[in-house]
Amino acid sequence: VQLQASGGGLVQAGGSLRLSCAASGRTFGSYAMGWFRQAPGKERHVVAVISRSGDSLYYTDSVKGRFTISRDNAKNMVYLQMNSLKPEDTAVYYCAARQANWNIFTGNYDYWGQGTKVTVSS
């Protein structure tokens, strides 16, 4: 599967952005999907994960109540709605896929998009 992330940009603190990830292929529904982020000089970490059917969700603690992950299997899309953005959310955001149950560990994802940069100004 090939992934293409989009929707990043520059936003003021408190603002919102919606990231999108388009996936190729006809078996999108067999992939658990995740959003990860990597801030400058730091390791890549999970932000949110959604199961293949969309009925199981995971959020890292720092984004709970502010971010929402969703997917549309008919359109081969996964989204990350980000509200109440903070400067510490600044990072390159990556979507990733694994053809298995959902997982929160970066190393367990097999396919990665190119990343989209999110900058939150204070």
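Sequence positions, counted from 1, serve as the residue numbers for this chain.
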Sub-3.5 Å donor-acceptor pair from the side chain of Y109 to the main-chain atoms of N103, do we have one?
-> yes
Would you kindly confirm whether V46 and I50 end up in one hydrophobic cluster when ILVMFWY residues are joined by side chain heavy atoms under 4.5 Å apart?
-> no
Check whether any side-chain heavy atom of N73 sits under 4.5 Å from a side-chain heavy atom of R71, and report yes or no.
-> yes
Tell me which donor-acceptor pairs under 3.5 Å the side chains of residues 114-122 have, and how far apart each pair is, sequence neighbours excluded?
from, atom 1, to, atom 2, distance (Å)
Q114, OE1, A5, N, 3.2
Q114, NE2, A5, O, 2.7
T116, OG1, G8, N, 3.0

If Ile, Leu, Val, Met, Phe, Trp and Tyr residues are connected whenever their side-chain heavy atoms lie under 4.5 Å apart, and connections chain through other members, are V63 and V11 in the same group?
-> yes
Name every donor-acceptor pair, under 3.5 Å, that has one atom in a side chain of residues 75-83 and the other anywhere in the protein, sequence neighbours excluded.
from, atom 1, to, atom 2, distance (Å)
N76, ND2, A23, O, 3.3
N76, ND2, G25, O, 2.6
Q81, NE2, N83, OD1, 2.9
N83, OD1, S16, OG, 2.9

Is there a path from F67 to I69 through hydrophobic residues (I, L, V, M, F, W, Y) whose side chains come within less than 4.5 Å of each other?
-> yes
Contact summary for A32 and A100, nearest pair of heavy atoms | CB-O, 3.4 Å
Is there any disulfide (SG to SG under 2.5 Å) pair reaching into residues 43-122, and which pairs are they, with sequence neighbours excluded?
-> C21-C95
Taking only residues at least two apart or on different chains, which pairs with a member in residues 36-56 satisfy side-chain hydrogen bond (donor to acceptor under 3.5 Å, both in side chains)?
-> R37-S62, R37-D89, R37-Y93, Q38-R44, S51-D55, R52-N101, S53-D55
Find out whether T68 and Y59 are in side-chain contact, i.e. whether some heavy atom of one side chain is under 4.5 Å from a heavy atom of the other.
-> yes
Are W35 and L57 connected, step by step, through hydrophobic side chains (Ile, Leu, Val, Met, Phe, Trp, Tyr) whose heavy atoms are closer than 4.5 Å?
-> yes
Taken in chain and number order and not counting sequence neighbours, the residues that satisfy ring pair (Phe, Tyr, Trp, His ring centres under 6.0 Å) with Y111 are Y31
Got a second to check how far K64's NZ is from R66's CZ, nearest 0.5 Å?
-> 12.5 Å
Residue E88 excluded, over 12 heavy atoms near CD under 6.0 Å | yes
Same cluster or not: are Y94 and F105 linked, directly or through other Ile, Leu, Val, Met, Phe, Trp or Tyr residues, by side-chain heavy atoms under 4.5 angstrom apart?
-> yes
Between atom CD1 of I104 and atom OG1 of T60, what is the distance when rounded to the nearest 0.5 Å?
-> 8.0 Å
Those residues that, when tested against W112, pass ring pair (Phe, Tyr, Trp, His ring centres under 6.0 Å) (two or more places apart) | F36
M33 and W102, any side-chain heavy atoms less than 4.5 Å apart | no
